[in-house]
Protein chains: 2
Amino acid sequence: MDLVYEALVSEGGFVSAQDLYRKLKDRGENIGLATVYRSLQSLSESGSVVIARGDDSETIYSACEDGTHHHHLRCKRCGASVKIDSEEAERWTASVAREYGYVEVSHTFDIVGICPKCQT
Amino acid sequence: MDLVYEALVSEGGFVSAQDLYRKLKDRGENIGLATVYRSLQSLSESGSVVIARGDDSETIYSACEDGTHHHHLRCKRCGASVKIDSEEAERWTASVAREYGYVEVSHTFDIVGICPKCQT
DNA sequence: TTGATATTGATAACCATTATCATATTTAAT
DNA sequence: ATTAAATATGATAATGGTTATCAATATCAA
Ligand SMILES: [Mn+2]
Ligand SMILES: [Mn+2]
Ligand SMILES: [Zn+2]
Ligand SMILES: [Zn+2]
């Protein structure tokens with residue numbers, strides 16, 4: 001668990017469970033894939049890891065200490081992400097939900113692009 | 001292809017390929033699961049079907065003739081969805097992308113709640 | 001020390017999706 | 001209408017990320 005969290009923190013951005021597992025193994029750690037999944041799962045439940053869905057069918061994870069509601073702008077090349085303020089978008093979703101009479105409305109924003117460093 | 005499209009239209013909202021397949025079989029149609037996937041795939045490429053990712057790991061599809069960029073507010077109970085105007089959110093994402101120097105930025109909004117009909 | 005409890009790693013199972021392939025259907029040319 | 005090539009279809013196997021299982025190991029409290 002601590003090992004997985006460390007590795008994820010040092011990763012800096014979003015990474016898949018499989019990739020994280022490979023990197024840990026390559027580093028010589030004795031760890032199982034199931035443990036990586038389990039750790040990421042409980043870390044996300046405890047709020048220190050955020051989850052997103054990459055372009056493909058892999059779930060990707062990133063360490064994020066901030067427990068308050070926010071979103072990320074993520075690089076599709078390297079996985080780097082920046083926390084972004086979303087007040088404006090929050091108000092928009094709330095007003096849309098009200099307009100159509102939907103309740104218990106939640107949302108997921110997946111915003112991806114190419115970060116400054118990855119631009120040739 | 002036409003059969004799949006019809007079924008999806010009559011469905012009204014979002015539904016998974018597996019569910020659509022089951023409903024077609026229950027209706028007595030002679031169709032294969034692969035054909036359902038293939039049809040939904042090409043329909044989405046031709047722009048008459050939109051794709052989203054449900055809470056679980058299933059991809060869900062909905063007939064949507066509107067080829068312009070827009071988003072949906074979807075009911076997590078019955079799959080019903082309403083097309084929503086997102087100009088405000090579009091401007092927000094564009095400004096965020098500019099602020100952090102990200103280019104080629106695209107986004108996916110998944111906004112789900114409980115529709116008026118499904119509220120007890 | 002000892003016994004109960006929780007964690008771990010290896011591996012099998014799961015399941016949505018895709019690839020394969022033989023058959024059936026459509027299309028175009030003769 | 002015949003025939004041959006091209007395309008679409010359904011059945012089924014394969015893929016791959018994720019989860020379940022389980023025996024072994026570590027942790028903890030008497
Ligand atoms: Mn938000
Ligand atoms: Mn948009
Ligand atoms: Zn980058
Ligand atoms: Zn509903």
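- Nearest-nucleotide positions on DNA chain D for R22(A) and S39(B) put S39(B) closer to the 5' end.
- Comparing dT17(C), dG17(D), dA19(C) by their nearest atom to the side chain of A34(B) picks out dA19(C).
- Comparing Y61(B) and R38(B) by the nucleotide of DNA chain C whose heavy atom lies nearest to each, the residue mapping closer to the 5' end is Y61(B).
- If you measure from atom OH of Y21(A) to atom C1' of dT19(D), you get 15 Å, rounded to the nearest angstrom.
- Nucleotide dA11(D) holds its P atom 6 Å from the CG atom of N30(B), rounded to whole Å.
- Distance Q18(B) CD to dT18(C) P: 11 Å, rounded to the nearest Å.
- The backbone N or O of V105(A) sits nowhere less than 3.5 Å from a side-chain atom of H107(A) that would complete a donor-acceptor pair.
- Close to dG17(D), at under 4.0 Å from its OP1 or OP2, lies no side-chain N or O of S57(A).
- Across all strands, S16(B) comes closer than 4.0 Å to no nucleic acid atom at all (heavy-atom distances).
- Rounded to whole Å, the distance from CD on E45(B) to C1' on dT18(C) is 14 Å.
- Here L8(B) contributes atom CG and I60(B) contributes atom CD1; the two are 11.0 Å apart, rounded to the nearest 0.5 Å.
- Looking at D19(A) and R22(A), a side-chain N of the basic residue comes within less than 4.0 Å of a carboxylate O on the acidic one, giving a salt bridge.
- Distance, I31(B) CD1 to dT9(D) C1': 9 Å, rounded to whole Å.
- Around NZ of K23(B), the count of heavy atoms belonging to other residues, nucleotides or ligands within 6.0 Å does not exceed 12.
- Between the P atom of dT8(C) and the CD atom of E29(A) lies a distance of 13 Å, rounded to the nearest Å.
- Side-chain contact, Q18(B) with Y37(B): a donor N or O sits under 3.5 Å from an acceptor N or O.
- Rounded to whole angstrom, the span from the CG atom of D56(A) across to the C1' atom of dG16(D) amounts to 11 Å.
- Between T35(B) and dG10(D) there is a side-chain N or O to OP1 or OP2 distance below 4.0 Å.
- Look at Y37(B) and you won't find any side-chain N or O under 4.0 angstrom from OP1 or OP2 of dT18(C).
- Here the P atom of nucleotide dG17(D) and the CD1 atom of I51(A) are 17 Å apart, to the nearest Å.
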